[in-house]
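Quick one: the structure is below, questions incoming.
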Amino acid sequence: MMTSEKVCGHKGAETRRSLAEWTRLVESLHPKNIEMGLDRIRVVKERLAIRFDCPVVIVGGTNGKGSTCAMLQTIWKEAGYRVGLYTSPHIHRFNERMRIDGEMADDETLVDYFGLVDAARGDVALTFFEFTTLVALKMFADARLDVVVLEVGLGGRLDAVNLVDADVAVVTNVAIDHVEFLGDTREKIGFEKAGIFRGGKIAFYGDIDPPESLVAHAREIGAELKIFGRDYSCRMYDGGWDYRGKTVLPGLAQPALYGDNQIHNATTVLAVVETLQPRLPLGVDAIRRGLAKTELPGRFQIVQNEPSVILDVAHNPHAAAVLARNLKEMGSFGTTHAVFGAMADKDIDGVIALMKDCIDRWYLTDLPLPRAASAESLKRKLMDAGIARDGNGQCISVYHHAADALTSAKNNARKNDRIVAFGSFWVVTGVTQDPDRDSSTNHH
């Protein structure tokens with residue numbers, strides 16, 4: 001096992017590091033050739049004596065994880081329960097990743113827990129995500145919460161949150177993404193994501209047509225798998241929808257999060273809430289309030305009108321298909337302007353194919369990290385897809401910064417136009433960021 005430099009600075013040290021200094025330090029210690037698996041992080045978890053007496057829900061899947069976690073948090077919070085929520089990546093501040101009762105953890109608390117984890121790890125090498133997951137788990141364990149919701153960072157089987165045995169595990173859906181880590185077929189990816197299931201516990205697959213590998217793994221370990229459309233479902237109609245599980249909840253309103261896909265996500269959310277009802281009892285009023293109050297930046301988030309400005313972190317074809325459908329369902333608009341940036345390892349051609357009929361003018365942006373596709377490379381892909389010039393001249397322009405691309409789009413947009421900034425989380429960060437804020441450790 002490789003070791004890494006020890007960093008000091010826990011509570012009581014002469015010089016107390018700031019949160020920004022801690023995140024930069026932990027990022028800089030990232031081991032280059034570290035073995036995969038949970039053995040190293042499990043050692044540190046045991047040293048920290050992390051235990052949970054409350055229900056733990058783990059949410060994985062290709063898309064919809066963040067929405068599912070946010071709705072679960074808000075519903076249980078509305079019912080009066082103390083809820084811990086761990087998600088990633090963040091958009092502006094690292095603190096966004098760790099919330100108790102909907103409130104971000106403050107810098108002082110996080111600094112204390114960074115010190116605790118660093119002291120406990122000794123010479124055990126940890127990645128940034130492993131280290132910060134331990135920070136979240138230790139903070140939540142100490143807080144004695146009523147329920148903990150953990151979002152998978154990548155995959156499931158080898159993800160750091162899989163250290164914890166979930167009382168309920170959710171895989172929202174399985175599509176092709178992160179091929180270099182998870183495999184190049186839905187069956188390979190499905191097996192990785194099913195790694196969060198536990199024998200004797202209930203697991204959910206929140207879509208129709210689950211990969212056979214996921215179903216087989218649940219069967220092999222003795223997990224009780226519930227599948228959307230078979231074991232629970234929804235019925236949508238003008239003005240509302242019904243949940244149909246062990247019980248029926250009629251006349252539910254559209255969630256605050258936009259799009260029919262959010263009703264789909266909410267259906268699985270209510271199935272989880274129903275499953276945990278014996279341990280976390282609540283009434284339908286808490287469900288209605290929770291769905292109405294859930295907020296999640298960057299998921300078809302409309303931040304301005306006249307012209308409309310929409311932020312969406314759709315960065316793979318599965319998510320792009322949802323974004324395209326939501327844009328079409330918005331109604332009549334003039335010109336649609338798109339600020340777009342992406343990581344080079346994504347299926348950019350697939351995203352463009354789904355979005356090109358929705359977009360009139362493209363504003364392509366570089367992103368501030370090495371694995372991003374350059375704006376010029378995105379331009380070549382657009383031109384290869386048959387997008388070049390329109391009657392007014394160039395309909396593709398390139399920028400070094402997402403904020404500059406958005407400014408240009410706003411300058412060109414009329415009141416009845418709309419602007420959609422989409423792709424990587426870094427696009428949403430770039431178009432909304434305080435220019436004075438340091439985001440050097442923004443996404444992992």
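Counting from 1, the numbers follow the sequence of the chain as shown.
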So, the side chain of D146 versus the backbone of Y81: is there a donor-acceptor pair under 3.5 Å, distance only? no
Using a 4.5 Å cut-off on heavy atoms from C-beta on, say whether the side chain of L150 contacts that of V59. no
Who are the side chain to side chain donor-acceptor pair (under 3.5 Å) partners of R51, not counting sequence neighbours? E46
Taking atom types as modelled and ignoring hydrogens, do the side chains of Y399 and S408 form a donor-acceptor contact shorter than 3.5 angstrom? yes
Should we say atom CD of E212 is surrounded by more than 12 heavy atoms from elsewhere, each under 6.0 Å from it? yes
In chain order, what residues pass the ring pair (Phe, Tyr, Trp, His ring centres under 6.0 Å) check against Y232, with sequence neighbours excluded? F204, F228
Compute whether any side-chain donor of one residue and acceptor of the other, for T365 and H401, lie under 3.5 angstrom apart. no
Output for pair (W362 CH2, M383 CE), nearest 0.5 Å, gives 14.0 Å
Do you know which two heavy atoms are closest between L296 and S67, and how far apart they sit? CD2-N, 3.3 Å
Pairing of D167 and R198 as salt bridge, 4.0 angstrom limit: no
Would you compute the distance between atom CD1 of I387 and atom SG of C395 and round it to the nearest 0.5 angstrom? 7.0 Å
Decide side-chain hydrogen bond (donor to acceptor under 3.5 Å, both in side chains) for T247 and E274; before the verdict, give the C-alpha distance in whole Å, the side-chain angles of both, and the deciding distance to 0.1 Å. CA-CA 8 Å; T247 58; E274 185 177 56; 2.6 Å; yes
Within-4.5 Å side-chain heavy-atom neighbours: K379 and L364: yes
Lys/Arg N to Asp/Glu carboxylate O, D107 vs R93, below 4.0 Å: yes
Carboxylate-amine/guanidinium contact K381 D384, below 4.0 Å: no
Between atom CD1 of I396 and atom CD1 of I359, what is the distance when rounded to the nearest 0.5 Å? 12.0 Å
Residue E329 excluded, over 12 heavy atoms near CD under 6.0 Å: yes
Donor + acceptor pair across side chains of Y363, D404 (<3.5 Å): no
Can a salt bridge be assigned to the pair E192 and R157 using a cut-off of 4.0 Å between side-chain N and carboxylate O? yes
Quick one about H90 and R97 (side-chain donor to acceptor, distance below 3.5 Å, no hydrogens or angles considered), yes or no? yes
Rounded distance (nearest 0.5 Å) linking atom CG of L270 with atom CE of M71: 8.5 Å
Verify whether one side chain among R418 and T336 offers a donor that lies under 3.5 Å from an acceptor in the other. yes
Check whether the side chains of N95 and D106 place a donor and an acceptor atom closer than 3.5 Å, and report yes or no. no
Report the C-alpha separation of N305 and I302 in whole Å, then their side-chain angles, then the decisive distance to 0.1 Å, and conclude whether the side chain to side chain contact (heavy atoms under 4.5 Å, CB included) test is met. CA-CA 8 Å; N305 292 308; I302 301 172; 3.9 Å; yes
Salt bridge check: are E130 and R40 linked by an N-O gap of less than 4.0 Å? yes
Presence of salt bridge, K293 and E295, under 4.0 angstrom: no
Check whether the ring centres of F114 and F94 lie less than 6.0 Å apart, and answer yes or no. yes
Please determine if D242 and R235 form a salt bridge, counting it only when a charged side-chain N lies under 4.0 Å from a carboxylate O. yes
